[in-house]
Amino acid sequence: MSERSPAPGGLALVEALVNTLDIESDIDALDTEDVRARFGIGADGLAGARALRESLRATLLAHAGHPPHRAVTPLGDLLAAAPLYVAVDERDGSAALRADDGPLLSRVAGAVAEALVAGTWTRLKACEADTCHWAYYDRSPAGRGRWCSMQVCGARAKMRRYREKAR
């Protein structure tokens, strides 16, 4: 839906996962084996991946100042079960939180942790349009982006406001 460039670093994984569902058309890309394979999701992990996706969407809506789109398991509750570890480089003593290529939940938790450290986590948002809620990375200077696309969702919202004013 969006013409924006992908989110930086590990947030690209989070953005891509949230954007597997097109709310307007009700098409879920996780229904396809190819997309599930890209995320490393087996048939038995589909329900968990969908719960994670919708919990992420609710969090991204909160980043944009909006209430959750529906009742979901809190993201913190889901990520608490993610196996992560601290890797320490023996040469220079640097440390990093790692999930490696483990389960999707761990990779998402690692991406969130990385974004927290980088200060980019709250820049990943969900479009405020009720028929969209597409994830996007807000690169605006003030961090006040509202829509995934000014040409689509932003234009629709502005046209609605214009028509309401004109009445």
Side-chain angles (χ1 to χ4, degrees), residues 1-88 95-139 145-149 152-153:
M1 173 79 110
S2 178
E3 72 278 353
R4 295 176 184 255
S5 55
L11 287 180
L13 169 68
V14 175
E15 180 181 46
L17 177 61
V18 171
N19 292 344
T20 57
L21 177 64
D22 183 333
I23 292 173
E24 191 169 28
S25 66
D26 198 33
I27 295 174
D28 188 345
L30 291 180
D31 287 338
T32 67
E33 196 172 317
D34 289 345
V35 172
R36 285 194 309 270
R38 268 192 284 154
F39 287 102
I41 303 166
D44 59 334
L46 187 55
R50 285 186 171 136
L52 177 60
R53 175 184 66 196
E54 296 313 312
S55 185
L56 284 164
R57 187 183 318 278
T59 300
L60 302 186
L61 281 165
H63 287 175
H66 302 290
H69 59 304
R70 61 183 169 110
V72 297
T73 303
L75 184 59
D77 292 355
L78 292 175
L79 296 182
L84 297 173
Y85 68 93
V86 177
V88 179
L97 194 58
R98 296 278 185 241
D100 285 337
D101 291 327
L104 178 62
L105 183 63
S106 294
R107 289 182 284 135
V108 166
V112 170
E114 172 190 307
L116 282 170
V117 171
T120 57
W121 173 234
T122 58
R123 287 284 183 143
L124 190 61
K125 299 177 179 181
C127 181
E128 74 175 40
D130 290 337
T131 58
C132 182
H133 295 316
W134 203 254
Y136 67 94
Y137 188 77
D138 184 0
R139 288 182 167 81
R146 299 172 62 184
W147 301 288
C148 65
S149 166
V152 179
C153 294

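Owing to the predicted nature of the structure, the values given are computational and were not obtained by experimental measurement.
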Problem - Asp26, CG: over 12 other non-hydrogen atoms inside 6.0 angstrom - result: no
Handout entry: Interatomic spacing from CG in Leu79 to OG in Ser55 - rounded to 0.5 Å
Key = 7.0 Å
Practice task
Without swapping roles, check the side chain of Arg53 against the backbone of Leu17 for a donor-acceptor pair under 3.5 Å.
Solution key: no
Problem - Polar side-chain atom of Arg36 near backbone of Asp31 as donor-acceptor pair, under 3.5 Å - result: yes
Problem - Nearest-0.5 Å distance, CZ of residue Arg50 to CD1 of residue Ile41 - result: 9.0 Å
Exercise for the section: Mind checking the CG-CG spacing from Leu104 to Leu13? Nearest 0.5 Å is all I need. Expected result: 6.0 Å
Practice task
Give a yes or no on whether the backbone of Pro83 and the side-chain of Ser106 come within a donor-acceptor separation of less than 3.5 Å.
Solution key: yes
Exercise for the section: Determine the sole option in Glu54, Arg57, Glu128 for which the side-chain contact (heavy atoms from CB on, under 4.5 Å) test with His133 is passed. Expected result: Arg57
Practice task
Please round to the nearest 0.5 Å and tell me the distance separating atom CG of Leu56 and atom CG of Leu61.
Solution key: 11.0 Å
Practice task
Would you confirm whether Arg123, through its side chain, and Tyr137, through its main-chain N or O, come within 3.5 Å as a donor-acceptor pair?
Solution key: no
Handout entry: OG1 on Thr20 to CG on Asp28, rounded to 0.5 Å
Key = 5.5 Å
Completion exercise
One should read off an interatomic distance between Asp22 CG and Trp134 CH2, to the nearest 0.5 angstrom, of 5.5 Å
